[in-house]
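In what follows, chains carry the letters A, B, and so on, assigned in the order in which the sequence lines appear, proteins first and then strands, with residues in each chain numbered from 1.
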Protein chains: 2
Amino acid sequence: MKHEDVFNPDCQVRLVLDRIGDKWSVLVVLALRDGPRRFTGLRTTIGGVTPKVLTQTLRAMERDGLLTRRVFAEVPPRVEYELTPLGLSLHAPIDAITDWAEAHLDEIVAAREATT
Amino acid sequence: MKHEDVFNPDCQVRLVLDRIGDKWSVLVVLALRDGPRRFTGLRTTIGGVTPKVLTQTLRAMERDGLLTRRVFAEVPPRVEYELTPLGLSLHAPIDAITDWAEAHLDEIVAAREATT
DNA sequence: TGTCAAGGTATCCATCGGATACTGGTTACT
DNA sequence: AGTAACCAGTATCCGATGGATACCTTGACA
């Protein structure tokens, strides 16, 4: 089964693309690259994300088995997020994209400004 | 400049990620893999996209230099979309993602259903 | 006269992302 | 005793965005 049927809206590869294509998931994976992080740490590291949306993103990624959420019964509360092996394996494709983005950034910016 | 500053909301890599992360752009690139296509061809090939959104996607990709739009002065009208070399170069990272998606699909679906 | 083709717009509505404010339990400080 | 701080989120509201549906144009043809 090659990805010819990616064009089918019910194709499950589409489900995965939508998750990866999510605005914040990629950044969460990058932020967790070097080990577990806490909610506020993620929030301040990833610039521009609001707590509501970060929570939604983390919950969705947890549902999909990309990361684990561990709650410590302490005060003040502590919650640690950590990538699962599945989540870690995302680094390869994500690196492919960020590398591409860095390599071709100027072309895109140039094209965009040419039509201004 | 490594992608440490991807976390900065003003980082331009983020701009590119948002474009790639767009729900339909990836599918457009895949649909144009084998050469130019016409609007209706894209529309029917890519399941579930409405004309308005497809137009928005194509216009944005054109602005960013990922594809060209060629209008033939005929009746009925003919418009062909074709990837630029820049757009073609996207296939490498996109393949990395779709391959990952196909490889880990069942894990994700299993995780998702485990919490149902 | 009416219909069809292709490549879109126009219009409307639902959903989602984002901004801001607030909560709760405990410990530390005054 | 009172109060501020800490952390991980909710609660609420609003504007932007995505999607569904209907419609437009022009020329050939029945």
Quick check: does any side chain N or O of Ser25(B) sit under 3.5 Å from a backbone N or O of Ile20(B), one acting as donor and the other as acceptor?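 Judged by distance alone, no pair lies under 3.5 Å.
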For the backbone of Trp24(A) and the side chain of Thr57(A), can you confirm whether one donor and one acceptor N or O come within less than 3.5 Å of each other? no
Go through Arg14(B) and Asp5(B) one step at a time and tell me if the salt bridge (Lys or Arg N to Asp or Glu O under 4.0 Å) criterion holds. CA-CA 9 Å; Arg14(B) 286 268 283 260; Asp5(B) 53 355; over 6 Å; no
Are side-chain N/O atoms of Arg37(A) and Thr45(A) paired as donor and acceptor at under 3.5 Å? yes
Classify the side-chain pair Tyr81(B)/Arg69(B) by whether it contains a donor and acceptor separated by less than 3.5 Å.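 Side-chain D/A pair, Tyr81(B) to Arg69(B): present.
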Please confirm whether the shortest side-chain N or O distance from Arg38(A) to OP1 or OP2 of dA8(D) is below 4.0 Å. yes
With a 4.0 Å cut-off on N to O distance, would you call Asp95(A) and Arg33(A) a salt bridge?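 Salt bridge: yes.
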Positional range of nucleotides in DNA chain C within the contact set of chain A, heavy-atom, under 4.0 Å: dG17(C) to dT26(C)
So, do Trp100(B) and Leu90(A) sit near enough that their side-chain heavy atoms are less than 4.5 Å apart? yes
Rounded to whole angstrom units, what separation is found between the CZ atom of Phe72(A) and the P atom of dA8(D)?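 Taking CZ of Phe72(A) and P of dA8(D), I get 11 Å after rounding.
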List the protein contact pattern of nucleotides 9-30 of chain D with one symbol per nucleotide (5' to 3'): B for base contact, S for sugar-phosphate-only contact, - for none; contact means a heavy-atom distance under 4.0 Å. BB-B-----BBB-----BS---
When every non-hydrogen atom of Leu86(A) is compared with those of Asp64(A), the smallest separation belongs to CD2-O, 3.8 Å
